[in-house]
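Sequence lines set the chain letters: A, B, ... in the order given, protein chains first and strands last, and positions in each chain run from 1.
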Amino acid sequence: MDVVLAWRKKKNGLSHSAVPIWQGERFFARTPSFDLDMQMAKGTASLATGAEFGIADVLRLLTSVTLLRRQGFLLHASAVLRKGHAYVFFGPSESGKTTVARLSGEDKILTDETAAIALSGNAYYAYATPFAGEFEKVSENTGGPIRALMLLRKDDKFAHRALSRKEAVQELFRSVIMPPADIRTFNAVFAALDALAAGVPCYEFHFKAEPELWRYIDGSIA
Amino acid sequence: MDLSRSIIKRNGDIAWRVIEEEALIVDTKGNMIYPLDEVGTRVWELLDGETPAGDIVVRIDEEFEGEKKDLRTDIFKFLEEIINKGLAGICG
């Protein structure tokens, strides 16, 4: 999708209702920080915002809305491409996303902070995004089918537990970067999370920051 | 609070989905997610704005096995909780 941004300074006195509206293939959102009008079929977006709104915020927003068309979303997660499959490590700040990425040796790190998750054919894929964390670099534009979703728990040992589909949806929801959302958007994200959790195994993964991390994953999970 | 005759309805801005017979409900304003067990899910489904709370207790008693003693108290407590969280409201 090609996105054309029309920048203009936001007028004072605009309503800050923060209520997004879908109208067919058109998406409007008016928030305290910006006004957005995306016409998905035309592949255009118009954004009105003040100078304090950064380009990363704009891209993150456009990406979130666009991913919904592929039953996808942005996830606070690191992701590693290993033997052609993506492993997605998610959780809140300080849960160890970057730590796991650093332990990935020769495997390709898709992201250490924000993964794009989307349906491709019948499989969910994790993709790199330009929204890096501590790595501070734009990743290569690539991705892979997701082999496992791992909810990170720092520990002094390695252990894992399979999450039920409901637990997986609940935990994943907490790590989704939501676009401005009305009830339709929430339900779309909900449906996408459910489809993801139904098709990809999700684990609570206790780990310690040591090189045998991948040996444990290869031997016990993969 | 005696909710027996109260009619309670799910709020319209609440997203919810039943997964393996148990619901997850999301407060779209606060971005909070709440898991319900199987009984809570059935109660939630019955908050249709038509069924009095007292009738919900009867329906749950009919549909689920188990101790009857605290059922009414437990359901009313659950209803008070979701009303206080803004997930549902008394409409009649």
Do you know the tightest heavy-atom contact between B:Trp16 and A:Phe190?
CA-CE1, 3.8 Å

Counting heavy-atom pairs under 4.5 Å with chain A, the top scorer among B:Ile19, B:Val18, B:Ile14, B:Val26 is B:Ile19

4.5 Å side-chain heavy-atom contact, A:Phe173 and B:Leu24:
no

To the nearest 0.5 Å, how far apart are CZ in A:Arg165 and CD in B:Glu22?
11.5 Å

Around B:Asn84, counting heavy atoms of other residues, nucleotides and ligands shown, do more than 12 lie under 6.0 Å from its CG?
yes

Roughly how far, to the nearest 0.5 Å, is the CD1 atom of B:Ile33 from the CG atom of A:Leu193?
8.0 Å

Please report the shortest heavy-atom distance between B:Asp13 and A:Ile183, naming the atom on each side.
C-CD1, 3.7 Å

Within the structure provided, determine whether B:Asp27 and A:Phe186 are in side-chain contact (heavy-atom separation under 4.5 Å).
no

salt_bridge(A:Lys166, B:Glu20) N-O dist < 4.0 Å
no

Tell me if the NZ atom of B:Lys77 is crowded by more than 12 foreign heavy atoms within 6.0 Å.
no

For A:Arg184, which atoms come within 4.5 Å of any heavy atom of chain B: side chain, backbone, both, or neither?
neither

I'd like to verify something: which residue of A:Ala191, A:Ala197, A:Ala198 has the highest number of heavy-atom pairs under 4.5 Å with chain B?
A:Ala191

With side chains defined as the heavy atoms from C-beta onward, is the minimum distance between B:Arg17 and A:Asn187 less than 4.5 Å?
no

